[in-house]
J.: 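This is the structure, below, for whatever I ask next.
In the text below, chain A, chain B and the rest are named by the order of the sequence lines, each starting its count at 1.
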2 protein chains.
Amino acid sequence: MTAHPAPRPSRRERPAKPALTREGIIETAVALMRSEGLSRVTMRRLAQELDTGPASLYVYVRSTAELHAAVLDELLGAVDLGPARADGDWRDRLVEVLTSYTAVLFEHPGLARSALVSRPFGDRYLDLLDALLALMSEGGIPRARAAWAVDLLLQFATATAAEHAPGEKDPADAEGEWAALAAALHGASGERHPHVTAAGAELLSGPGEARMDWGFQVLISGILHTPRHGTSDTSRPSLPKE
Amino acid sequence: MTAHPAPRPSRRERPAKPALTREGIIETAVALMRSEGLSRVTMRRLAQELDTGPASLYVYVRSTAELHAAVLDELLGAVDLGPARADGDWRDRLVEVLTSYTAVLFEHPGLARSALVSRPFGDRYLDLLDALLALMSEGGIPRARAAWAVDLLLQFATATAAEHAPGEKDPADAEGEWAALAAALHGASGERHPHVTAAGAELLSGPGEARMDWGFQVLISGILHTPRHGTSDTSRPSLPKE
DNA sequence: ACCTGAACACCGTTCAAGT
DNA sequence: ACCTGAACACCGTTCAAGT
């Protein structure tokens, strides 16, 4: 790519093969995910896309997990952090940012799954963290508490996206699963599971959006009311040091 | 295996090969997970353990995901639901049950991961749901709200276990990852990420246990303070119907 | 009717050997 | 010194063919 004059791209087809650098690899991985889905973003498939063997990628990328984390961080560039710098109720703006984050992940539940296991911690992720911390600081949440709270909020958003996962490729068996689940619930005997039976369809009810929004409200309200012990978290009158 | 008198187990070694039934397969899968870890619980490895070909398993199990869900439901038998029927503060007992659930999952983070994607919904899982719903009912939480709340609580517990995952088998690179993460945080420039920089080590701080406990408190408090709209959830004086 | 051998289409990762 | 062909050790799932 940056090879001096470079008379022409060496092979015939394919649109602008990126150089074999970390950036080129990740860029190609993102394109591959967009066109074929995350399940095709494998070391071997990616190497093929770059006209090399899989071993070559290990010079730039430690593992498949690390590759996926890098791809996610790239996608996180699409999260709208604007609300963090806007006016209005900080709670509402917090939810807006989180909703934008979730929307990005909903498109790629597989990445959400991988984010649950190994946090990305790239630049874009740090941008997001910073925005959320800024909003909570505005809301007067003590720093130590906010540091834990940000984790809770992102974990909820990420897990929701991960589990939403409409099969990633097979929307038919998502329905099947849902039906099986509804059947299991319905089949729950009133003897053994009286409360489940009583709750019934309520357990599965509601548009995902409303549930998620309610979840955010629960979390924010809980965060506001729950100090951390053993820190300078001063939001309750505080028990005397002993 | 169930061939009439059966003079002796056909092959020499191995301890009591279970019959090729759904129960036998799942039992073997649990044993295999205990001895070799979840990553070895594959269709092929399991078939080998049962002296057959992988294709045979598909008569009893729909897919690897379904197999893992069945294994998890089996493990859920170890969750202590006693507190649900004991005396004392319902909040404390709720946390006790959830902590027991989390402890079970901590032993097998891979299963926690799979539970995030496809809820198990076996009998043991329904037992757990029922216990949690019973406790919230005791706490006076309206049914519709409790139905959503139980999801939130279990999602948090499950995600925490899933992400705790100390490599599942390679505890060394868990440390490495943690170090990389700490480095990323430390390297966060005060220019671009002032709040992250200010929060610093706080973001990674604390024993997992304290964080989890704080998380449960946040959730319970939030649940108590956040009604669901559009249901008979009556916990706030209620805006007039319009 | 029930079960399964064998095949199809893949994986991640390593390392000895080449340039 | 840098890169990689080829191999090692696996995967899930299907289906035609056997008993």
J.: Between B:Y58 and B:S63, is there a side-chain donor-acceptor contact under 3.5 Å, judged purely by atom types and distance?
T.: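 Not at all, the side chains of B:S63 and B:Y58 share no donor-acceptor pair under 3.5 Å.
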J.: What is the separation between atom CZ on B:R62 and atom C1' on D:dG12, rounded to the nearest whole Å?
T.: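 After rounding, the gap between these two atoms is 16 Å.
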J.: Between B:Y60 and C:dC3, is there a side-chain N or O to OP1/OP2 distance below 4.0 Å?
T.: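 Yes, B:Y60 has a side-chain N/O under 4.0 Å of OP1/OP2 on C:dC3.
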J.: Look through every strand shown and name the nucleotide pairing with D:dC2 as Watson-Crick or G-U wobble, where both distances are under 3.5 Å.
T.: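 Looking at the geometry, D:dC2 pairs with C:dG18.
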J.: Of all the nucleotides listed (D:dG12, D:dT13, D:dC3), which has the minimum atom distance to the side chain of B:T42?
T.: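 Nucleotide nearest to B:T42's side chain: D:dG12.
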J.: Do B:L152 and A:F156 pass the side chain to side chain contact (heavy atoms under 4.5 Å, CB included) test, and can you show the C-alpha distance, the side-chain angles, and the key distance before you say yes or no?
T.: CA-CA 8 Å; B:L152 209 53; A:F156 170 66; 3.2 Å; yes
J.: Could you please name the option among D:dG5, D:dC11, C:dG12 that lies closest to any side-chain atom of A:A55?
T.: D:dG5
J.: With rounding to whole Å, what would you report as the distance between D:dA6 and D:dC10 at their C1' atoms?
T.: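 Here D:dA6 and D:dC10 have their C1' atoms 16 Å from each other.
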J.: Taking CZ from B:R45 and P from D:dC11, how many angstroms apart are they, rounded to a whole number?
T.: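 Answer to the nearest Å: 8 Å.
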J.: Among D:dG12, C:dC3, C:dG12, which is the nearest nucleotide to the side chain of A:M43?
T.: C:dG12
J.: If each of A:R44 and A:S56 is mapped to the nucleotide of DNA chain D with the nearest heavy atom, which maps nearer the 5' terminus, i.e. the 5' end?
T.: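 Comparing both residues, the 5'-ward one is A:S56.
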J.: Quick one: A:D51 CG to D:dC3 P, roughly how many Å, whole number?
T.: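 So the CG-P distance, A:D51 to D:dC3, works out to 17 Å.
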J.: Is there side-chain contact between A:L153 and A:I223, with at least one heavy-atom pair below 4.5 Å?
T.: yes
J.: Work out how far the C1' atom of D:dC3 is from that of C:dT14, and round it to whole angstrom.
T.: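 To the nearest whole Å, 14 Å.
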J.: OP1 or OP2 of C:dG12 less than 4.0 angstrom from a side-chain nitrogen or oxygen of A:T64, does that happen here?
T.: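 Answer yes for this pair, as a side-chain N or O of A:T64 is under 4.0 Å from OP1 or OP2.
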J.: B:R22 has an atom CZ; how far is it from atom P of C:dC3, in whole Å?
T.: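 Nearest whole value for this atom pair: 15 Å.
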J.: Which comes earlier along DNA chain D counting from the 5' end, the contact point of B:Y58 or that of A:P54, where each point is its nearest nucleotide?
T.: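 The residue mapped nearer the 5' terminus is A:P54.
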J.: Could you measure between the two C1' atoms, the one in D:dA7 and the one in C:dC11, and give it in whole Å?
T.: 14 Å
J.: Strictly by Watson-Crick or wobble contacts shorter than 3.5 Å, is anything paired with C:dC8, and which nucleotide is it?
T.: D:dG12
J.: Once you round it to whole Å, what is the distance between P of C:dG12 and CD of A:E66?
T.: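 My rounded result for the distance is 14 Å.
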J.: To the nearest Å, give me how far apart CG (B:L57) and P (D:dG12) are.
T.: 10 Å
J.: In whole Å, I'd like the distance from the CD atom of B:Q48 to the P atom of C:dT4.
T.: 16 Å
J.: Measure from CG on A:L46 to C1' on C:dT13 and round the result to the nearest Å.
T.: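 Distance, rounded to whole Å: 15 Å.
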J.: Please list every donor-acceptor pair under 3.5 Å in which a side-chain atom of residues 28-35 of chain A meets a protein atom from a residue at least two apart or in another chain.
T.:
from  : atom 1 : to    : atom 2 : distance (Å)
A:T28 : OG1    : A:G24 : O      : 2.7
A:S35 : OG     : A:A31 : O      : 3.2
A:S35 : OG     : A:L32 : O      : 3.2

J.: Is it the case that more than 12 heavy atoms not belonging to A:R62 sit under 6.0 Å from its CZ atom?
T.: no
